Visitor: 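Mind having a look at this structure? Questions to follow.
For clarity, every value in this text was computed on a predicted model and none was experimentally measured. Letters go in sequence order (proteins before strands), and every chain restarts at 1. The basis for the numbers below is simple: all heavy atoms, side chains too, and nothing from hydrogens, waters or symmetry mates.
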Amino acid sequence: MKLAKNYDPKQYESTIYQMWETADAFAPSGSGEPYSIVMPPPNANGNLHIGHALTFNLQDILARYYRMQGRAVAYIPGSDHAGFETWVVYEKVLTAEGKNRFDFSRDQLYSQVWNFVDEKRGTMEAQLRALGISAIWKDTVFTLDDKVVNTVYGTFKRMWDEGMIYRGERIVNYSTKYQTSYADIEVEHRVEKGKLWKIAYPSLDKIKEIVVATTRPETLLGDTAIAVHPDDERYKDLIGTKVLVPLTDREIPVIADEYVDPAFGTGAVKITPAHDPNDFEVGERHNLPRLQVIGFDGKMINVPPQFMNLEVMEARQKVLDALQREQLLRGDEDIEHSVGYDYKSGLPIQPMVKDQWFISMKPLAKRAIDALNNDEIDFQPASRKKALIQYLENIRDWNISRQIPWGIPIPAFQNEKDPTDWIFDARVDQEKIDVNGTTYTREIDTFDTWFSSGQWPYITTDYVTNGDLAKFYPLNVMETGADILYSWVGRMIMLGLYTTDQVPFKAVYLNGLVLDEKGKKMSKSKGNVINPIEIVESHGSDALRLGIVAARSVGQDQAFSTGKVLAGRNFCNKLWNIARFIENKLGEGFPVADPQPKTVADHWIVRQLNSAAEQIGKQIEEYRFAEAGDAIYHVIWDDVADWYIESSKKQDNPQMLAWVLDTSLRIAHPFAPFVTETIWQTLSWHEELLIKANWPTPLEFNDIAAAEFEQLQTLVGEARFVVAELPGTKKYDLLYQTDSLIADNSDLIQHLARLSGVRQADQAKGLRLAASNREAWLDVDEDTLYEHQTNQEVRLGEARLRAKNLEGRLSNASYIDKAPPHLIEETKKDLEETQALIERLARELDVLE
RNA sequence: GGGCGAUUAGCUCAUUUGGCUAGAGCGCGUCAUUGACGUUGACGAGGUGGCAGGUUCGAAUCCUGCAUUGCCCACCA
């Protein structure tokens, strides 16, 4: 088969991918030791972003490498219903149609979103295929599949039975825009400038007043007490008395509570149990009523008519105006404080009291902390483990209810006659159920998506039901974004230990964010997002993979670099042309046989590729992807193309060329799957696919011959350098006297150094090449020689300085005493070589003078 | 307020128990060349490793302080 001049990825990638799928190449091979990775499921409804390209490429490199190592690799794909994220998108669709969620029943909404997602589900998978991801598609799991729901219900039931689930009225983080509560972890805290207003609350006789400080004056309409510190002398006589809430005629008590910090503000705090977590707790302790004044739609309720139905910020201004008129404002000051925001809408989170389902987290966290402290999970980078432990140590109970229709229904039913009576039941397709003559009504909330995705490792492997993939649990590695360490990784560890009594994965690899080319975080609103599929289309899937993995270290946020993608593209083309050259040389139907290294170049390239294969394997196993990629790039480009292929033009050994190409394709495959497989398909001596081939095993070679080739490289390098430095007017001849290595390789040297000739001479003449420790001269004219001599004097000076440094090191008693022996040996050897160089240079210059 | 990370060539980044002359890609300069590849080849320039101290025979690497910068966590109104 004749290869085109340049590699055109578009022409081959989809065909190659189909070939893999048709051959069922992604399925775990039966015999090997299991190796498993589960894909963090991307949003079924969305498009892949550039961060996905990084995360899935890293996973795929591992999958392909271990597959070539003969392991039974299960790389299990999935897609996420992405409850809240998708709901937000769908609600926009509803709005565009002039409708809203209240026009439909929950079941109607659920099936509408299902259809909406179903239409788009294929897109994301097609994109993963374009990235070359070698996941077992037949085992793909959607986060709303029956097996997910069943397992989640099983876990929930067990927790319920063990008393770890409770339902209660608590302050929750509420998004008035999306009308759902959030977990604490989903609230985005921003430090910003604000005002602290001081407001007077008159005593009942209006003679005295107590001044409180607040950042949210509108909530005073919901105040049910004023709190002061019990030991605060300023307010001691007021404790137990009543004051009037401004702008209303409500009377509220002044209470004492340790929570108040006398040093902050005025030392008196208004207590709004319905809209502040601290106040809620104070309210619980003092049995205060909870007066909700902000509705779930974000508008004021239960307030005097002038404030009714106002948005929070409008209400704030009106309250301040009214206080001003009533002369109850006692000043304000500028402060910096932290405000919780809805990470999705960018609007402030409203703390609200709501009946929600919670999981007691302390016992779950404790087991996770123990496992982490026992080093049961290898963390890359290690520092994140500490961070996770800290998070787990301070964990609070988890609100798992969401007031959105798109998600897994919470399998709980409420007694129609007794609101406190809740039972577990999985019959969520029914709105009402009958149990022993009592009618129960279904809970309308759904689970927080993370409650189900937190169980992903044992769900996808069917571990609980002991399915075909059960032997792949626990996973070998969980590769995912560092940004979801707490929300996902932490929860998987806790839930994994809870359900399966073992950690869900043996290692965690956290990748950082892919930033834009200027190092800024990408976002749709900034318009700086990079679409991976566009990169694939313009430069090829392999180029994207090579480029995005290059120079990227674990856990670090790093910029995307088009330059690196281009370098990756060029590398693919280089590989392509190596193949083109070799295949052309070998011809059709080349009868491949055992490779026998004969020339010095043969021995050398065997040594180089042997050690590259070993080193690259080790680097992949240690998750040092960028270094492995770099090693592949250089061994193939520098060693194979620039030295070995060039050498082969003068000393050809077809069997070795075939072996070199074969080996190069194997070691490059995990990082450049498409181009390597494309080339592999053109090799006459392979029937199998490269994806199923084995990682190269070392070939025997002669160490001395390999070292001799290195000497020739030095000689050639020096000749090139001198010629480049002293262009002169003509090409030079290389002369030698009795050197058999040069004699045997004269054509090779001439070609590599681009000399006009290499010939034996009777006597030394011209410019001596000293670096290789071989007797060789360039036959140059007088002027060139003179110029060279000046350069050599500089080099002699440098060499003498270096010798002096080395001598100094060796004469240092402490160094001899403390440095490791091999290092001292190296220093001695280095000194010897430097001295030999000095001698040669000096001799050369003396001769000439 | 607490924690974590970063600071190395013009740019983006490597350098893993402290030890070869601190490397790579891109960019830059000089030259070559059209029988594998211009998505090329050869050669080269370019770094007081943020700053100031300390430990050590030896520090980009360990310690202390400072500066700049990014991220995460946090219910003080």
Visitor: Please report, rounded to the nearest Å, how far the P atom of G27(B) is from the CD atom of E517(A).
Guide: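 Those two atoms, CD and P, are 13 Å apart.
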Visitor: At 4.0 Å (heavy atoms only), tell me whether R216(A) reaches a base, stays on the sugar-phosphate, or touches nothing.
Guide: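 Result for R216(A) = nothing.
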Visitor: Which listed nucleotide (A77(B), C37(B), C13(B)) is nearest to the side chain of S553(A)?
Guide: C13(B)
Visitor: Counting runs of three or more consecutive pairs, Watson-Crick or G-U wobble, with each distance below 3.5 Å, where are the stems of RNA chain B?
Guide: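 Expected stems, ordered by start: B:1-7 with B:67-73, B:10-13 with B:23-26, B:28-32 with B:40-44, B:50-54 with B:62-66.
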Visitor: Using a heavy-atom cut-off of 4.0 Å across all strands, would you classify K270(A) as base, sugar-phosphate, or nothing?
Guide: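 Since no nucleic acid heavy atom lies under 4.0 Å of K270(A), the category is nothing.
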Visitor: Is the shortest side-chain N to carboxylate O distance from D232(A) to R234(A) below 4.0 Å?
Guide: yes
Visitor: Is the closest basic N to carboxylate O distance between D334(A) and K193(A) below 4.0 Å?
Guide: no
Visitor: Quick check on K618(A): does its NZ atom have over 12 non-hydrogen neighbours (other residues, nucleotides or ligands) under 6.0 Å away?
Guide: no
Visitor: What nucleotide, of A24(B), A42(B), U21(B), holds the atom closest to the side chain of R720(A)?
Guide: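 For the R720(A) side chain, the nearest candidate turns out to be A42(B).
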Visitor: Should R809(A) be listed as having a side-chain N or O under 4.0 Å from OP1 or OP2 of G58(B)?
Guide: no
Visitor: Out of U39(B), A36(B), C72(B), which has the shortest distance to the side chain of R569(A)?
Guide: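 Nearest listed nucleotide: U39(B).
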Visitor: Atom CZ of F571(A) and atom C1' of A36(B): how far apart are they, to the nearest Å?
Guide: 15 Å
Visitor: Side chain of K818(A) only, please: which of G5(B), U56(B), A36(B) is the nearest?
Guide: U56(B)
Visitor: From CG of L657(A) over to P of A36(B), roughly how many Å is that when rounded to an integer?
Guide: 13 Å
Visitor: With sugar-phosphate meaning primed atoms plus P, OP1 and OP2, does A641(A) contact a base, only sugar-phosphate, or nothing at under 4.0 Å between heavy atoms?
Guide: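 Base, at least one base heavy atom under 4.0 Å.
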Visitor: Regarding C37(B), can its base be found pairing with the side chain of K574(A) as donor and acceptor, where the two atoms are less than 3.5 Å apart?
Guide: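 Side chain to base: pair found, below 3.5 Å.
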Visitor: Between A42(B) and A24(B), how many Å separate the two P atoms, rounded to a whole number?
Guide: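 About 13 Å, rounded to a whole number of Å.
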Visitor: Which value, in whole Å, describes the distance between the C1' atoms of nucleotides G50(B) and A60(B)?
Guide: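 Those two atoms are separated by 12 Å.
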Visitor: Taking any heavy-atom pair under 4.0 Å as a contact, classify E622(A): base, sugar-phosphate, or nothing.
Guide: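 It contacts nothing in the nucleic acid.
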Visitor: Which one, A24(B), C73(B), A36(B), comes nearest to the side chain of Y486(A)?
Guide: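 The closest nucleotide is C73(B).
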Visitor: Measure from the side chain of F721(A), starting at C-beta and using heavy atoms only, and say which of A6(B), C43(B), C37(B) lies closest.
Guide: C43(B)
Visitor: Rounded to whole Å, how long is the line connecting atom CZ of F264(A) with atom C1' of G1(B)?
Guide: 13 Å
Visitor: Between D279(A) and K270(A), is there a salt bridge with N-O shorter than 4.0 Å?
Guide: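 Salt bridge flag = no for D279(A) with K270(A).
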Visitor: Between C37(B), C13(B), C72(B), which nucleotide gets closest to the side-chain atoms of A559(A)?
Guide: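 My answer, after comparing the listed nucleotides, is C13(B).
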Visitor: On the nucleotide C37(B), are OP1 or OP2 found under 4.0 Å from the side-chain N or O atoms that N570(A) carries?
Guide: no
Visitor: For A274(A), is there any backbone N or O sitting under 3.5 Å from a side-chain donor or acceptor partner on T272(A)?
Guide: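 No.
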Visitor: Taking atom C1' in both U69(B) and G44(B), what distance in whole Å separates the two?
Guide: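 So the two C1' atoms sit 35 Å from each other.
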Visitor: Could you give the NZ-to-P distance, from K5(A) to C37(B), as a whole number of Å?
Guide: 6 Å
Visitor: Treating H275(A) as the side-chain partner and P351(A) as the backbone partner, does any N or O pair qualify as donor plus acceptor under 3.5 Å?
Guide: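 Answer holds: yes.
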Visitor: The side chain of D276(A) lies closest to which of these nucleotides: A77(B), A24(B), A42(B)?
Guide: A77(B)
Visitor: Considering only atom P, compute the distance from C63(B) to G19(B) and round it to an integer number of Å.
Guide: 15 Å
Visitor: Taking the C1' atom of each, how far is C28(B) from U12(B), in whole Å?
Guide: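 So the two C1' atoms sit 16 Å from each other.
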Visitor: In terms of side-chain heavy atoms of H337(A), which of A36(B), A77(B), U16(B) is nearest?
Guide: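 Within the option list, the nearest is A77(B).
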Visitor: In whole angstrom, what separates K385(A)'s NZ from G5(B)'s C1'?
Guide: 18 Å
Visitor: Quick check for you: among U39(B), C73(B), G19(B), whose closest atom lies nearest to any side-chain atom of N6(A)?
Guide: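 Taking heavy atoms from C-beta onward, the closest nucleotide is U39(B).
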Visitor: Does a nitrogen or oxygen in the side chain of W637(A) sit under 4.0 Å from OP1 or OP2 of G41(B)?
Guide: yes
Visitor: Hey, does the side chain of R491(A) reach the backbone of S487(A) with a donor-acceptor pair shorter than 3.5 angstrom?
Guide: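 Such a contact is found between R491(A) side chain and S487(A) backbone.
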Visitor: Using a heavy-atom cut-off of 4.0 Å across all strands, would you classify P820(A) as base, sugar-phosphate, or nothing?
Guide: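 Counting heavy atoms under 4.0 Å across all strands, the contact made by P820(A) includes a base.
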Visitor: I need the CD-C1' distance between E333(A) and A77(B), as an integer number of Å.
Guide: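 One finds 11 Å between C1' of A77(B) and CD of E333(A), rounded.
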Visitor: Have a look at E826(A) and say if it touches a base, only the backbone sugar-phosphate, or nothing, with a 4.0 Å heavy-atom cut-off.
Guide: nothing
Visitor: Determine the interatomic distance between P on G54(B) and the same-named atom on C76(B); round to the nearest Å.
Guide: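 Here G54(B) and C76(B) have their P atoms 43 Å from each other.
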Visitor: Mind checking if T214(A) touches a base, just sugar-phosphate, or nothing, with heavy atoms under 4.0 Å?
Guide: sugar-phosphate
Visitor: Does A36(B) have OP1 or OP2 sitting under 4.0 Å from an N or O in the side chain of K649(A)?
Guide: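 Checking A36(B) against K649(A), a side-chain N or O does come within under 4.0 Å of OP1 or OP2.
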Visitor: I171(A) near the nucleic acid: base, sugar-phosphate alone, or nothing, with a heavy-atom cut-off under 4.0 Å?
Guide: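 If one applies the 4.0 Å heavy-atom cut-off, I171(A) turns out to touch nothing in the nucleic acid.
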Visitor: Closest nucleotide of RNA chain B for R396(A) versus for N577(A): which of these residues is on the 5' side?
Guide: N577(A)
Visitor: From OH of Y623(A) over to P of A14(B), roughly how many Å is that when rounded to an integer?
Guide: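 Rounded to the whole Å, the gap is 20 Å.
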Visitor: Does V260(A) or Q558(A) map to a spot on RNA chain B nearer the 5' end, using the closest nucleotide for each?
Guide: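 Per heavy-atom nearest nucleotide, the more 5' residue is Q558(A).
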Visitor: Describe the nucleic acid contact of A213(A) in one word from base, sugar-phosphate, nothing, applying a heavy-atom distance below 4.0 Å.
Guide: base
Visitor: Provide the closest heavy-atom pair for D542(A) versus E13(A) in the form atom of the first, atom of the second, distance.
Guide: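 Heavy-atom minimum between the residues: N-OE2, 4.0 Å.
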Visitor: List the steps, then state whether side-chain contact (heavy atoms from CB on, under 4.5 Å) holds for Y174(A) with I349(A).
Guide: CA-CA 6 Å; Y174(A) 201 82; I349(A) 283 286; 5.7 Å; no
Visitor: Is the centre of the Y12(A) ring less than 6.0 Å from the centre of the W576(A) ring?
Guide: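 Here the rings of W576(A) and Y12(A) have centres that are less than 6.0 Å from each other.
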Visitor: For D261(A), answer base if it contacts any base atom (sugar-phosphate contacts may also be present), sugar-phosphate if it contacts only those atoms, and nothing otherwise; contact means non-hydrogen atoms under 4.0 Å.
Guide: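 Counting heavy atoms under 4.0 Å across all strands, the contact made by D261(A) includes a base.
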Visitor: Could you tell me whether D642(A) contacts a base, only the sugar-phosphate backbone, or nothing, with contacts defined as non-hydrogen atoms closer than 4.0 Å?
Guide: sugar-phosphate
Visitor: When you measure from the side chain of N812(A) to the backbone of G808(A), do you find a donor-acceptor pair of N or O atoms at a distance under 3.5 Å?
Guide: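 Checked: no pair found.
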Visitor: Determine the interatomic distance between P on G70(B) and the same-named atom on G65(B); round to the nearest Å.
Guide: 22 Å
Visitor: Is the distance between the ring centroids of F625(A) and Y509(A) under 6.0 Å?
Guide: yes
Visitor: Which value, in whole Å, describes the distance between the P atoms of nucleotides U16(B) and U61(B)?
Guide: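 12 Å, rounded to whole Å.
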